[in-house]
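Here the structure is laid out as structure tokens; the discussion comes afterwards.
The structure presented is a predicted model; accordingly, all values stated were derived computationally and were not measured.
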Amino acid sequence: MTVKERFLEIYRAQIKRKGSEELMDWICESDFFSAPASSRFHLSREGGLCEHSLHVYQRLYDDLHDTVSGETIAICSLLHDLCKVHFYKPERRSRKTGRTLPNGKPEWEDYMGYAIDDQFPYGHGEKSVYIITQFMTLTHEEAMAIRWHMGGFDMGGNQTLSDAFGRYPLILHVHVADLLATYEDERE
């Protein structure tokens with residue numbers, strides 16, 4: 001089963017609320033399944049965004065499947081980074097190879113990477129919430145968990161983040177699942 005097939009299987013099995021089919025259509029028409037997860041860091045390759053979303057899903061499912069609905073787990077993990085749809089563009093880059101040329105200068109090579117091309121600079125988590133709510137309603141806790149999934153790595157002020165963590169425990173779980181997926185599951 002491909003990464004895309006696995007994503008769609010979980011999405012269809014878990015997310016049933018009104019508007020979810022239209023959101024899935026939008027996702028399928030976007031670059032979600034070909035986009036990287038980042039421009040230079042974790043899963044900076046074609047399909048990395050979908051793969052990352054599945055890693056976050058597995059982490060969150062393993063952590064909360066006994067206490068949180070499957071729909072909420074799927075929404076918060078699979079959709080947390082929709083802000084990265086149509087966000088990256090391929091770009092030719094150069095890097096040192098680590099070898100030295102006969103003249104003593106470093107050898108360089110060209111490679112294809114990704115540059116950020118944000119057409120709708122609305123923020124990170126809040127942009128994902130905005131996109132999702134164009135199609136379906138989120139609970140307050142789902143919206144907060146997606147909005148704050150970057151934790152202290154996102155803009156917003158410490159008091160606001162602290163208040164959000166205190167009111168909505170799901171935020172911490174989504175944030176930790178995202179960190180574990182990024183720094184443990186996606187090491188290259």
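- Here the shortest heavy-atom pairing between S30 and F32 reads OG-N, 3.1 Å.
- Expressed to the nearest 0.5 Å, how far CG of L8 lies from CD1 of I27 amounts to 8.5 Å.
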For side-chain hydrogen bond (donor to acceptor under 3.5 Å, both in side chains), just list the numbers for E186 and H55, CA-CA rounded to whole Å, side-chain angles, deciding distance to a tenth of an Å, and then say yes or no. CA-CA 8 Å; E186 298 162 8; H55 291 155; 2.7 Å; yes

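- Within a 6.0 Å sphere centred on CZ of R93, heavy atoms belonging to other residues, nucleotides or ligands number more than 12.
- L60 and L179 are assigned to two separate hydrophobic clusters, defined by single-linkage of ILVMFWY side chains at heavy-atom distances under 4.5 Å.
- In terms of heavy-atom proximity, A37 sits nearest to H42 at CB-O, 3.5 Å.
- Rounded to the nearest 0.5 angstrom, T139 OG1 and R17 CZ are separated by 6.0 Å.
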Is there a side chain to side chain contact (heavy atoms under 4.5 Å, CB included) between K18 and T137? Walk through the geometry before answering. CA-CA 8 Å; K18 184 177 184 227; T137 303; over 6 Å; no

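- Here the side chains of I146 and L82 are not in contact, with every heavy-atom distance at 4.5 Å or above.
- No side-chain heavy atom of Q58 sits less than 4.5 Å from a side-chain heavy atom of L54.
- Atom CD of E142 sits about 12.0 Å away from atom CD1 of I171, to the nearest 0.5 Å.
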Carefully, step by step, assess M24 and I15 under the rule side chain to side chain contact (heavy atoms under 4.5 Å, CB included). CA-CA 10 Å; M24 184 175 50; I15 304 174; over 6 Å; no

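- Residues M112 and R92 form a side-chain contact, since some pair of their non-hydrogen atoms from C-beta on lies under 4.5 Å apart.
- F87 has its side chain out of reach of D117: every pair of non-hydrogen atoms, C-beta onward, lies at least 4.5 Å apart.
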Apply side chain to side chain contact (heavy atoms under 4.5 Å, CB included) to residues I132 and V129 and explain how you reach the verdict. CA-CA 5 Å; I132 295 164; V129 170; 5.7 Å; no

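- Two different hydrophobic clusters hold V176 and Y61 under the rule that ILVMFWY side chains link at heavy-atom gaps under 4.5 Å.
- Between S20 and Y11 the shortest heavy-atom distance is O-OH, 2.7 Å.
- Considering only heavy atoms from C-beta on, E141 stays 4.5 Å or farther from T72 through its side chain.
- A donor-acceptor pair under 3.5 Å is absent between the side-chain atoms of S39 and the main chain of A115, judged by distance alone.
- Classified by interplanar angle (parallel below 30°, tilted 30° to 60°, perpendicular above 60°), the ring pair H124/H149 is tilted.
- Crowding of E71 atom CD: a count of heavy atoms from other residues, nucleotides or ligands under 6.0 Å exceeding 12.
- Here I116 contributes atom CD1 and S38 contributes atom OG; the two are 9.0 Å apart, rounded to the nearest 0.5 Å.
- If you take OG on S53 and NZ on K84, they are separated by 8.5 Å, rounding to the nearest 0.5 Å.
- Atom CD1 of I75 is separated from atom CE of M136 by 4.0 Å, given to the nearest 0.5 angstrom.
- Residues Q14 and A74 come closest through the heavy atom pair CB-CB, 3.7 Å.
- Counting non-hydrogen atoms of other residues, nucleotides and ligands closer than 6.0 Å to NZ of K89 gives a total of 12 or fewer.
- Counting only heavy atoms from C-beta outward, the side chains of R45 and L43 approach each other to under 4.5 Å.
- Note: the hydrophobic cluster containing V3 does not contain V56 (ILVMFWY, side chain heavy atoms under 4.5 Å, direct or indirect links).
- By the rule that hydrophobic residues join a cluster once side-chain heavy atoms approach within less than 4.5 Å of another member, Y57 and L172 end up as members of separate clusters.
- Ring geometry, F7 versus F33: the interplanar angle exceeds 60°, so the pair is classed perpendicular (tilted spans 30 to 60°).
- Judged as a ring-ring contact (aromatic ring centres under 6.0 Å, His included), and not counting sequence neighbours, the contacts of F120 are Y122, Y130.
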Report the C-alpha distance between L170 and M144 in whole Å, list the side-chain angles of each, state the deciding distance to 0.1 Å, and finish with yes or no for side chain to side chain contact (heavy atoms under 4.5 Å, CB included). CA-CA 8 Å; L170 181 60; M144 294 298 258; over 6 Å; no

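- Residues Y114 and E46 approach most closely at OH-N, 3.4 Å, considering heavy atoms.
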Is there a side-chain hydrogen bond (donor to acceptor under 3.5 Å, both in side chains) between H52 and D178? Walk through the geometry before answering. CA-CA 8 Å; H52 171 70; D178 190 39; 2.7 Å; yes

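- V174 and I131 fall within a single hydrophobic cluster, where Ile, Leu, Val, Met, Phe, Trp and Tyr are joined by side-chain heavy atoms under 4.5 Å apart, directly or via other members.
- L49 has its side chain out of reach of D31: every pair of non-hydrogen atoms, C-beta onward, lies at least 4.5 Å apart.
- What you find for H80 and S77 is that their closest heavy atoms are ND1-O, 2.6 Å.
- Contact of the C83 side chain with the V85 side chain is not registered, since no non-hydrogen atoms from C-beta on lie closer than 4.5 Å.
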Given T97 and E109, is the side-chain hydrogen bond (donor to acceptor under 3.5 Å, both in side chains) satisfied, shown in steps? CA-CA 6 Å; T97 65; E109 66 181 357; over 6 Å; no

